[in-house]
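Since the structure comes first, as structure tokens, the remarks are kept for the end.
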Amino acid sequence: MHESEPPSRCVFLTDETGTIQAWNDGCAAVFGVGAGQVLGHPITTLFTPPGRDAWSAGWRALTGHPEGAEVHVELMCARGRVLDSTLTLAPLVDAEGRAHDCAVAVATGCARGGTEAERVARTPLSAIVDTFPGTFYVLNRDGRFVLWNRNLEKVTGMTPDELGATRALDLIELPQRAPLANGIRDVFDENGELKLEIDFVSRSGRETPVLLNGTKIRCNGGEYLFGTGIDVAERRAHEQQLRLRERALHAASNGILITRLDHGQSAIEYVNPAFERITGYSADEVIGTDPRFMAAPGMDLAERAQLRDAIAARMGAKVVLRNLRKNGELFWNDLSITPVQDEHGDVTHYIGVLTDVTATMLRTAHLEHEVNHDPLTGLANRNLLWDRLEQALHLAQRHKSLVATVLIDLDNFKTINDTFGHEAGDVVLKVVARRLQASVRDSDTVARMSGDEFVLILANQPSLRFTLRMVERLRQSFAIPVAFNNREIPVGASVGVSLYPHDGATAAELVRAADLAMYHGKGSGRNDVHFFSADMKSTTEARHRIELALRDALDHDELFLLYQPRVAVATQRVAGFEALLRWRHPDQGVLSPARFLAEAEETGVIVPIGQRVLDQACAFAARLRAAGYVDVPVTVNVSHREYSQPGFLAGLSDRLTRHRLPPRSLQLDLRIDALIRNPALGQELAEQLHTMGVDLSVDGFGAGLCDLGFLQQLAATHVKLAHSTVQTLDDGGRAVAKSLIDIGHNLNMEVVAEAVETRPQLDFLTSHGCDHIQGIWVSEPLAAEAAQRMLEEQQPA
């Protein structure tokens, strides 16, 4: 049993990076170096150049074969010898079947010469059992030891004779004997695998936690359990330390969240109960989301910029800002963020600690008023301005009315301060504030933005003519001088006006447009009113070039579609295709939508691009139908800007008629966040699509806040899990994904998982009832011809 080890055989332990973690005496004999010289070094130093390539291929094979893999390599050994060797790779797994990021590698072989079968045949089992880093054992059906290595003797403190007369169950405490007995029985009777973590008890009473693995092997007419055991004392101590830290985090009175950095974006991985109590959001609701979703719109912009700059610089920061609880309530929180580095010194996570300081910040009614009002004029300040503007936009969406945003900047105000003094300047600001309030309705808002700048929100405007009359009344209010100490101070102003929905869809866009119009007025003359127009819009040179290039792309037919197959889990057949846009750029090659779609949306070029996409998608659907594939719809992504255009549905109906397509040959994919932004339009569109017979798919489910009641009203046929939800399945996001799948089914919608890239993702989604799968695991996006060939290969017409 303890024969000397042949010089061409050794055993070592390596992790997923290829770093050597353990080194036995056989390795030292073969390579001529001891453990101290190689531990922590790359394994590739052991191989010839062809051997390094073979090692990489073997490691990749191991990830898809949890039972193990073999690879043939050339080893560079002591005295310049090159040995042909077979590496047997076996992953380490725990009792629950989770694979560790390391593997045992057993090298067997001989000097060059002889066939592979001959070399392997010369390798007796008894010669290698002592080379294993952990314990090795062979049990018969009675659970008695038949063969073992010296490590088992060390762990148990027994002599070979004592072990030969001992059953495996005798080495552990009573409470653990039943699981081990059941595991051994399962190996022999059910051909199962032994995966169990137990505590070996030595003769001295010392307990050693060991991870056991074993399987049944037939040998000379008998059946035996061959297994290994790895000492997991260090890992168990580490796990206990982690559990202690987790209990400490759970017990903290401050809200704690941990976020992961991913390509410049942050995603929440953990929140403690105090965070749930403070924000009102449960952990399941926020895991995987960007923590900025709680940000109060338009508030504390400087503090949020400070946080962004700190994260970009991978530094810590401490700010006090306002967020929104789940119930919509505004609260102040003292937030500190601290970067966390990995073993390479790279910042991969941030820990945030937040303290609810709302009671302190709003201790009195006076303080609450100061938060929302300008102390000099009593007008709404910029904080309240953003809130009122958001409310006005929400009402305008509901009532299909206009909202005018008026930005007023006093002319020569510095001269007034310099000539008459700051007291006079304060009087002018107060008088102007009163005149502005007197010129508008109670439902409108007058705010002092900063210094001598005012912003007016003229809500619920029935027509442009009505707005023009109100703006003219405002302009006339500046014609009367302001009296101060028996002197008259002339007051002029430059006025810029923007209109919703013509000049912007959000509060920030409207204020920016009004600001541009006001500055346009300052450049062309004082004391005048200018309405925003598209030619005032300031864009960067790069964005302008992209806009022009996109229009050229439309003219030169540079935009084309690829088709991503969507496979039904139940049948394993293609159930549809999603049309994906690409740009064959003359200089930069093929570009994905991420490179140009945002600019297309901003400039409005998305509308003609969307029309081109619908034309090509309908042509492809007609092609499939002509080939006999009548139940394979084509899904097209449509943005808010496209479907909010007048005549969108009429154009869609016209295309279906022109291509002789039944409505269900096409499916529209709409983002849930865009639908919620304008719920009235979203519900109206969903109803009209239902009437037409065109199926609706809701995209981005799980990426942010979602009104489930509103989602149910849409009566969509499909709901698509957000890309981030699928990607976090391997990082603790499984509970969220399972909940989203259950919600989709409860709403009578089929659930589609996109961006599926790995086998574990596929297995989890399949086992939890996901209806459809798409992503590179199924297939890369295909050209039309390749997509049709895929149908021909997978399902007959």
Do [X] and [Y] come close enough that some side-chain heavy atom pair is under 4.5 Å?
X      : Y      : value
Val756 : Val778 : no
Asn24  : Phe12  : no
Pro179 : Leu196 : yes
Thr259 : Glu269 : no
Asp186 : Glu193 : no
Phe701 : Val751 : no
Ile337 : Ile311 : yes
Phe200 : Pro209 : no

Strictly by modelled atom types, are [X] and [Y] linked by a side-chain donor-acceptor pair under 3.5 Å?
X      : Y      : value
Asp771 : His745 : yes
Asn333 : Asn323 : yes
Gln761 : Trp777 : no

Please test Arg236 against Glu197 for salt bridge (charged side-chain N to carboxylate O under 4.0 Å, His left out), starting from the C-alpha separation and ending with a verdict. CA-CA 10 Å; Arg236 182 177 291 183; Glu197 188 172 311; 2.9 Å; yes
Run the side-chain contact (heavy atoms from CB on, under 4.5 Å) test on Thr135 and Trp148 for me, step by step, so that the C-alpha distance in whole Å, both residues' side-chain angles and the decisive distance to 0.1 Å come before the verdict. CA-CA 8 Å; Thr135 61; Trp148 61 88; over 6 Å; no
For [X], side-chain contact (heavy atoms from CB on, under 4.5 Å) partners two or more places apart:
X      : answer
Asp161 : Thr159
Pro273 : His250, Glu276
Thr279 : Phe275, Tyr281, Met294, Phe331

Measuring from [X]:[atom1] to [Y]:[atom2], what's the distance to the nearest 0.5 Å?
X      : Y      : atom1 : atom2 : result
Asp170 : Glu162 : CG    : CD    : 12.0 Å
Asn140 : Ile184 : CG    : CD1   : 9.5 Å
Asp199 : Leu171 : CG    : CG    : 12.0 Å
Glu757 : Leu729 : CD    : CG    : 11.0 Å
Gln774 : Glu754 : CD    : CD    : 5.5 Å
Thr45  : Ile20  : OG1   : CD1   : 5.5 Å

Using a 3.5 Å distance criterion without hydrogens, assess whether the side chain of [X] forms a donor-acceptor pair with backbone atoms of [Y].
X      : Y      : value
Gln176 : Glu173 : no
Asp356 : Ile278 : no
Arg260 : Ile268 : no
Tyr350 : Met315 : yes
Thr338 : Gly316 : no
His768 : Phe764 : yes
Thr728 : Thr725 : yes
Asn182 : Ala178 : yes

Run Lys216 and Asn191 through side-chain contact (heavy atoms from CB on, under 4.5 Å) and show every step you take. CA-CA 7 Å; Lys216 182 173 68 176; Asn191 292 320; 2.5 Å; yes
Provide the closest heavy-atom pair for [X] versus [Y] in the form atom of the first, atom of the second, distance.
X      : Y      : result
Leu257 : Leu354 : CD2-CD2, 4.1 Å
Ala317 : Leu307 : CB-CD2, 4.1 Å
Val187 : Gly214 : CG2-O, 4.4 Å
Asn254 : Ala274 : O-CB, 3.3 Å
Ala168 : Leu139 : CB-CD1, 3.9 Å
Cys770 : Val569 : O-CG2, 3.2 Å

Carefully, step by step, assess Met158 and Thr166 under the rule side-chain contact (heavy atoms from CB on, under 4.5 Å). CA-CA 10 Å; Met158 290 184 172; Thr166 301; 3.9 Å; yes
Salt-bridged, [X] to [Y], with N to O below 4.0 Å?
X      : Y      : value
Asp142 : Arg144 : no
Glu239 : Arg235 : yes
Lys326 : Glu285 : yes

Decide yes or no on salt bridge (charged side-chain N to carboxylate O under 4.0 Å, His left out) for Asp334 and Lys318, but give the supporting numbers first. CA-CA 7 Å; Asp334 186 336; Lys318 182 178 176 65; 2.9 Å; yes
Taking the inter-plane angle between the rings of Trp23 and Phe31 on a 0 to 90° scale, is it parallel (under 30°), tilted (30 to 60°) or perpendicular (over 60°)? tilted
What's the verdict on salt bridge (charged side-chain N to carboxylate O under 4.0 Å, His left out) for Asp189 and Arg141, showing C-alpha distance, side-chain angles and the deciding distance? CA-CA 10 Å; Asp189 296 340; Arg141 184 176 286 271; 2.9 Å; yes
Might you work through the side-chain contact (heavy atoms from CB on, under 4.5 Å) test for Tyr137 and Asn149, ending with a clear yes or no? CA-CA 7 Å; Tyr137 53 89; Asn149 63 358; over 6 Å; no
